[in-house]
Structures are given as C-alpha cells and as structure tokens.
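Working notes, structure below.
As the structure is a prediction and not an experimental result, all values here were calculated from the model. Heavy-atom basis, side chains included; hydrogens, waters and symmetry copies ignored.
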Amino acid sequence: MTAVLFEETKLRDQICEVSASLFERCLTAGSTGNISARLSDGSTLTTPTNASLGRLDPARLSLLSPDGTHVKGDKPTKGAFLHRCTYCARPRDSAVIHTHSIHCVALSVLDGTNHEDVLPPLTAYYVMRVGTLPLVPYYPPGDEMLGEAVGLAAKSHHALLLANHGPVVSGRTLHEAQYALEELEETAKLFFLLGDRPVKCLSPEAVTDLRRRF
C-alpha cells in the first residue's frame, strides 16, 4: 500500500509539472487538453474537467479505478473515455496526452491529406518518436463512436490525430508521451513553414532503418 501511495504522489506531481510545461509553451490554451497516467494497480490519474493545465493542484486530480469509476478528486475530464480506450488498446502504455496544439489542429482540418499517415517523414526524430500519424474521422466530443475509433487506431499507433480536433499521444511513461507530442507539434509547425516549397523527405529505406534501430 505504501508503495502504491508513493507512486500515486509522484505521478500527481509529474502530471502537474508536464501540464504546466505544455501550457506555458502554448501547446494548450484555456481549459483545453487533458492528461492521464496509469498506476501499476491499473487505476488512473487524470486531469479534471474544465481545468487549465497551467494551474493544476496535485491533490485535486481525478483518480479513477481500473474500470473507470471515479474514486476521488475533482470530476474527471470529459475526454477520460479516450484515455481509457487508448489504454485498452495499448496495455504497455502508461500515459496519454491530448492537446489542441495549434499546428496539429491546423493539420487536422486540412483537406486532401493522407488519412493513413498525415505527415511526411521530414526528420529522423519525427520517425523515431511519432512514426506514422493516422487521421481519426470526426465525431463530436464525447461521442462513443469517437472512443471506438480511437481504440481501433491505437492498436497499431501510439500517436493519432483527431479530425477537426487535435492529437492524442500515448507512451510507456508520461515523459515519453510528452516528448512525442512535442515532436509531433514541432513537425506540424515545420510542415506549414515549408509550405509549397519542394521538400526532400527521408527515403523509405531511411525510415525503415530508423524503425529497425529505434
């Protein structure tokens, strides 16, 4: 029990630290975005609903039981079901981050993108930390069909882009998810900065080699 309480306290602090970092660098704004981390006993800590990620209180984070029941803390984020669906699809992952980061949102509303892989392999670190980025079809926030679509895509991808919405990224640790989310946003920004200029992407052979190495 002591070990679990120590783990929970540590994760509460980490969630608030990561949340504040994302907010301060304008990767989320207002009360948008949500973060969760899964404990070793299967329970989950999540950010509360209508809370700014820049001003979280560790003691008020929502604790959910392994079956998703709200145990204590403030009312959990409305996006908690997206996190739960991701964890079900990716049992080895222990953290999920969803933001409305501006360049990723811009990418999510573009017409004519490749829904199987929205961004081209522009850099090695994008390939290493994100891989491929499928576009999940649009559903209204909170719609059960959105959860099903996320769970299906998450079986083979740890980073997803929700159409007309924003990214959902999972990782084995909270910081792994954070770094992948940040790499995704920076690559989306780079994509728009390049505009219609000719671009030399990584070759399929280079992408394959990176995936083999990392």
Side-chain angles (χ1 to χ4, degrees), residues 7 10-11 14-15 17-19 21-22 25-28 33-40 42 44-45 82-108 110 113-136 149-163 165-194 197-214:
E7 178 190 23
K10 182 178 178 181
L11 275 178
Q14 283 186 357
I15 288 173
E17 173 192 332
V18 169
S19 297
S21 176
L22 294 176
R25 289 177 294 130
C26 299
L27 291 172
T28 186
N34 37 73
I35 296 178
S36 71
R38 183 160 55 175
L39 285 74
S40 56
T44 307
L45 284 168
L82 293 180
H83 297 244
R84 190 164 62 252
C85 291
T86 302
Y87 289 130
C88 288
R90 305 189 66 81
R92 297 178 68 182
D93 284 353
S94 297
V96 177
I97 301 177
H98 166 55
T99 67
H100 296 179
S101 46
I102 190 66
H103 294 93
C104 283
V105 174
L107 191 65
S108 80
L110 282 182
T113 57
N114 178 2
H115 290 195
E116 305 253 331
D117 193 5
V118 182
L119 277 173
L122 296 175
T123 69
Y125 275 87
Y126 173 77
V127 173
M128 291 159 54
R129 288 187 169 154
V130 178
T132 56
L133 182 70
L135 184 71
V136 176
V150 166
L152 182 62
K155 289 181 179 180
S156 51
H157 302 276
H158 79 102
L160 317 170
L161 188 63
L162 310 183
H165 194 157
V168 175
V169 179
S170 66
R172 296 188 184 183
T173 67
L174 185 56
H175 286 119
E176 183 178 295
Q178 175 192 0
Y179 300 153
L181 184 282
E182 292 170 345
E183 191 67 38
L184 172 54
E185 174 64 11
E186 286 301 304
T187 306
K189 181 179 179 180
L190 177 62
F191 176 81
F192 284 108
L193 283 172
L194 291 168
R197 297 178 180 87
V199 174
K200 186 176 182 180
C201 297
L202 295 178
S203 67
E205 293 77 17
V207 170
T208 299
D209 179 62
L210 285 167
R211 290 174 179 165
R212 179 181 61 81
R213 290 171 180 265
F214 301 99

Pairwise distance [atom1]([X]) to [atom2]([Y]) - rounded to 0.5 angstrom:
X: L133; Y: S108; atom1: CG; atom2: OG; value: 10.0 Å
X: C88; Y: D93; atom1: SG; atom2: CG; value: 12.5 Å
X: C104; Y: L184; atom1: SG; atom2: CG; value: 3.5 Å
X: L27; Y: Q178; atom1: CG; atom2: CD; value: 9.0 Å
X: L119; Y: H103; atom1: CG; atom2: NE2; value: 12.0 Å
X: K10; Y: L174; atom1: NZ; atom2: CG; value: 11.0 Å

Would you indicate whether the side-chain heavy atoms of [Y] and [X] approach each other to under 4.5 Å?
X: R90; Y: V96; value: no
X: L22; Y: I35; value: yes
X: F192; Y: L107; value: yes
X: L181; Y: P167; value: yes
X: V207; Y: R211; value: yes
X: L210; Y: L202; value: yes
X: T86; Y: H158; value: no

If only atom types and distance count, is the side chain of R129 paired as donor or acceptor with the main-chain N or O of Y179 below 3.5 Å?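 Such a contact is absent between R129 side chain and Y179 backbone.
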Exercise: do R212 and T208 side chains pair donor with acceptor under 3.5 Å: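 The answer is no; no qualifying pair exists.
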Go through the steps to decide whether E182 and R25 satisfy the test side chain to side chain contact (heavy atoms under 4.5 Å, CB included), and finish with yes or no. CA-CA 10 Å; E182 292 170 345; R25 289 177 294 130; 2.4 Å; yes
Where does the angle between the aromatic ring planes of H83 and Y87 fall among parallel (under 30°), tilted (30 to 60°) and perpendicular (over 60°)?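 Tilted.
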Ring-plane angle category for H165 and H100, please: parallel below 30°, perpendicular beyond 60°, tilted otherwise.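 Rings of H165 and H100: perpendicular, as their planes differ by over 60°.
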Have a look at V118 and tell me which of T132, L160, L135, L110 forms a side chain to side chain contact (heavy atoms under 4.5 Å, CB included) with it.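 That would be L135; it is the only one of T132, L160, L135, L110 passing the side chain to side chain contact (heavy atoms under 4.5 Å, CB included) with V118.
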Kindly indicate, with the supporting measurements, whether the criterion side chain to side chain contact (heavy atoms under 4.5 Å, CB included) is fulfilled by L194 and L122. CA-CA 10 Å; L194 291 168; L122 296 175; 4.2 Å; yes
